[in-house]
Amino acid sequence: MARVAPTKKEKTNTLRAFVVELAVYAVFVTGYFFLVLHYLSGWLQNLHLYHVKIYAFATIVLIIGQAVFLESVTTWLLRLLRGGRSE
Amino acid sequence: MFFPISISTINPIYLVAIGFLIGVLGGFFGVGGSFIAGPALRAVGLEWNFAVGTDLAHIVGKSVVAAKRHRALGNVDLKLGLIMAIGTMGGAEVGAQLIQMLKRAGNVNFVVSIVSIVIYFSISTFMIWEAWRTLQYQKKRRPRTKVPGTAAKQDESSFSHRTQAIQRLKLWPMISLPASGVKAISLWVIILVSFVGGLFSGFLGGGAGYIRMPMLVYVLGIPTHLAVGTDLFEIIISASYGTFSHAIKGNVDILIALVMHTGAAIGAQIGAISTQYFAGPKIRLAFVPLPLIGAAIVIYTLVTGHKL
């Protein structure tokens with residue numbers, strides 16, 4: 001399967017979109033740290049100490065849930081910044 | 001930032017940066033990146049047991065993002081990934097039992113170190129030789145007909161005659177892998193490859209992508225891009241199993257894993273998309289330093305006695 005090489009203009013647009021995406025993503029992630037993780041930490045610590053099986057299940061749900069969510073966010077950002085293309 | 005589960009204080013920017021680096025490597029090469037994440041977490045004072053368990057949890061998240069992206073690019077063979085997950089989990093259990101046996105014999109560190117150094121150097125040497133030969137062959141064969149940018153996803157290997165011989169082995173049941181372009185291959189060969197990968201994962205730690213990805217290419221004959229994507233998909237299943245097991249033992253700080261993963265999520269996408277711009281032999285040649293980094297870490301540990 002072959003692909004056509006991106007032109008210089010396309011490369012510049014990709015780089016610009018990526019920088020903007022990083023900036024938006026950084027703001028989003030900073031908010032995420034302070035809001036979501038702050039509220040989750042007490043609950044998770046409690047599970048880790050007293051309900052270890054629920055904690056083990058929660059770790060898998062949380063990491064996969066975050067992965068699916070962040071993948072959707074980054075794909076949406078890429079699509080938005082590149083006018084419909086995601087790669 | 002204070003992480004109450006592991007009772008540690010770590011700068012979140014450091015965790016995001018490490019996650020990003022591992023994400024790029026994972027998305028591009030289809031490896032878990034434990035050889036970087038483990039020492040990086042240890043370097044900021046996290047206990048060894050938490051470093052191993054947390055790293056596994058982070059690998060699950062990173063692999064979900066990278067595998068989703070590879071799937072969108074047509075680089076994941078789901079059938080192969082699911083079959084391999086069975087062999088990997090079996091192999092990981094046997095590897096863990098081997099470690100227990102060596103522990104009882106009292107020479108676990110020395111044996112594991114020597115085995116891993118030999119394995120890492122063998123993989124790197126073989127891949128340099130094979131990728132270099134393939135690239136030289138391609139250069140000689142079509143020096144002037146190459147159109148810029150058409151190299152992506154084209155895959156040739158100077159080892160393909162051996163791979164074809166393995167595919168011709170008639171060990172029932174034979175299965176086809178249409179997504180990978182393999183017409184027929186023995187199920188036992190796939191199980192054996194994944195079992196060996198799992199064995200090294202249980203024996204040496206981490207996801208063992210540095211062994212599984214080359215085996216997918218050279219033994220099963222899977223094109224490099226598909227090997228990367230399929231390995232990532234398989235890692236989701238096997239690392240989830242490992243995470244659950246470690247979490248029950250109290251070895252996972254999920255908050256650290258979630259923070260690391262915010263960097264890995266974007267890094268994994270960049271790595272996965274980047275594979276589109278490189279042909280198979282070039283990806284394989286660029287893969288070579290990874291096992292060498294692993295070997296360097298083991299040699300350092302063996303010589304100094306300090307575990308990174």
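Everything numeric in this text was worked out from a predicted model, so none of it was measured. Within every chain, numbering begins at 1; the chains are lettered A, B, ... in the order of the sequence lines, protein sequences first and strands thereafter. FYI, side chains are in, hydrogens and waters are out, and symmetry mates aren't considered; it's all heavy atoms of this structure.
Considering every non-hydrogen atom in both A/Gln45 and B/Ile5, the closest pair reads CA-CG1, 4.0 Å. Between A/Gln66 and B/Leu258, the shortest heavy-atom distance links the atoms NE2-O, 2.8 Å. Smallest separation of non-hydrogen atoms from B/Phe244 and A/Phe57: CE1-N, 3.7 Å. Shown here for B/Ala247 and A/Thr59, the closest heavy-atom pair between the two residues is CB-OG1, 4.0 Å. The two residues A/Ile64 and B/Ser240 make their nearest non-hydrogen contact at CD1-OG, 4.3 Å. The two residues A/Ala67 and B/His261 come nearest to each other via the heavy atoms CA-CE1, 3.3 Å.
Applying the 6.0 Å contact sphere to OH of A/Tyr39 captures no more than 12 heavy atoms from other residues, nucleotides or ligands. With a 6.0 Å radius and a threshold of 12 heavy atoms from other residues, nucleotides or ligands, A/Leu49 has its CG atom above the threshold. Remark: B/Ile7 CD1 is loosely packed, at most 12 non-hydrogen atoms of other residues, nucleotides or ligands lying under 6.0 Å away.
With a threshold of 4.5 angstrom between heavy atoms, B/Ala57 approaches chain A through N, CA, C or O but not through any side-chain atom. At a 4.5 Å heavy-atom cutoff, the contact between A/Leu44 and chain B is made by backbone and side-chain atoms alike.
In this structure, A/Glu71 CD and B/Arg69 CZ are separated by 5.5 Å, a value rounded to the nearest 0.5 Å. A distance of 12.0 Å separates CD1 of A/Ile63 from CD1 of B/Ile236, quoted to the nearest 0.5 Å.
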